[in-house]
Trainee: 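Shown below is the structure under consideration.
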Amino acid sequence: MKVLTVCLGNICRSPAAQGILQHVADQQGVALELDSAGTAAYHIGKQPDKRSIKALNEVGLDITHQRARQVAQDDFDQFDWILAMDSENLANLKRLKPANCRAKVVMFGRYRDGVNFGEVDDPYYGGDSGFASMREQLFEIAEDFVANLTK
Ligand code: 4NP
């Protein structure tokens, strides 16, 4: 199963989501191939934001190897799931999405009918506490997502 996490800049939320999904999948014994991307091109080639690196480091996860990239047209046929962090990311992805593609393109917090973990709000302009709550929200969604992949 191939999963792409997507936010705006690919430096705060989606790299954290990638690291957390990898950890949860490993813990649950589920084979996931993961990557992340941004809808915008502002930060291509950069490491995740220091605050995301720190928030994940606090729980023993290392995301420093990741580098930002922009969503590409090909992603829609390379991945099974494309997970948007918020409704703006989702709207941008739906504009790019080809009519008949492999990927299910959904909001991460609402990836299946009847669940709603909310949007993962952009923490970029806030402080460290926003990054810690982002991490906790991402863990909650990731655990539910991975558990439901195997059902
Ligand atoms: P992300 O956060 O989408 O979670 O990576 C942002 C990063 C950078 C910017 C906005 C959001 N920016 O405007 O540069």
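For ligands, and for the atoms within them, numbers begin at 1 and follow the listed sequence. The analysis underlying the following values was restricted to heavy atoms, covering all of them including side chains, and did not include hydrogens, waters or symmetry mates.
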Trainee: Evaluate the side-chain proximity of W81 to L4: yes if any heavy-atom separation is below 4.5 Å, no if none is.
Mentor: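 Counting from C-beta outward, L4 and W81 never come under 4.5 Å.
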Trainee: Please state which option from L8, V6, D122 has its nearest heavy atom closest to atom 6 (C) of ligand 1.
Mentor: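 Nearest heavy atom to atom 6 (C) of ligand 1 lies in D122.
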Trainee: Starting from atom 12 (N) of ligand 1, find the nearest protein heavy-atom neighbour and note its residue, name and distance.
Mentor: Y124 CE2, 3.6 Å
Trainee: Are the charged groups of D75 and R69 less than 4.0 angstrom apart, N to O?
Mentor: yes
Trainee: May I ask you to list the atoms of ligand 1 that are less than 4.0 angstrom from any heavy atom of C12?
Mentor: 1 (P), 2 (O), 4 (O), 5 (O)
Trainee: Is there a side-chain contact between L83 and F145 in this structure, where contact means two heavy atoms from C-beta onward sitting under 4.5 Å apart?
Mentor: yes
Trainee: Could you find the nearest protein heavy atom to atom 13 (O) of ligand 1 and give me its residue, atom name and distance?
Mentor: Y125 OH, 3.3 Å
Trainee: Relative to the heavy atoms of I11, which atoms of ligand 1 are at a distance of less than 4.0 Å?
Mentor: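 Matching atoms, with element in brackets: 5 (O), 7 (C), 8 (C).
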Trainee: State, yes or no, whether a side-chain contact exists between R110 and F117 at a heavy-atom distance under 4.5 Å.
Mentor: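 No, too far: nothing below the 4.5 Å cut-off.
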Trainee: Tell me which part of H43 gets within contact of ligand 1: side chain, backbone, both or neither, using heavy atoms under 4.0 Å.
Mentor: side chain
Trainee: Among protein heavy atoms, which sits nearest to atom 1 (P) of ligand 1, and what does the distance come to when rounded to 0.1 Å?
Mentor: C7 SG, 3.4 Å
Trainee: Quick one: look at D49 and ligand 1, take heavy-atom pairs under 4.0 Å, and tell me if it's side chain, backbone, both or neither.
Mentor: neither
Trainee: Under 3.5 Å between any N/O of G9 and any N/O of ligand 1: does that happen in this structure?
Mentor: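 So ligand 1 has an N or O lying under 3.5 Å from an N or O of G9.
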Trainee: Please check: side-chain N/O of N92 versus main-chain N/O of N89, any donor-acceptor pairing under 3.5 Å?
Mentor: no
Trainee: Report the part of F131 in contact with ligand 1, treating N, CA, C, O as backbone and CB onward as side chain, heavy atoms under 4.0 Å; options are side chain, backbone, both, neither.
Mentor: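 For F131, there is no contact with ligand 1 at all, from either part.
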Trainee: Can an N or O of R13 be found at a distance shorter than 3.5 Å from an N or O of ligand 1?
Mentor: yes
Trainee: Compare all side-chain heavy atoms of L90 with those of M85 and state whether any distance is below 4.5 angstrom.
Mentor: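 When only atoms from C-beta onward are counted, M85 and L90 do not touch, as no gap falls below 4.5 Å.
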Trainee: Between D80 and K104, is the closest basic N to carboxylate O distance under 4.0 Å?
Mentor: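 Salt bridge flag = no for D80 with K104.
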Trainee: Could you tell me whether R112 and D144 make a salt bridge, using a distance below 4.0 angstrom between a side-chain N and a carboxylate O?
Mentor: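 Result for this pair is yes, salt bridge flagged.
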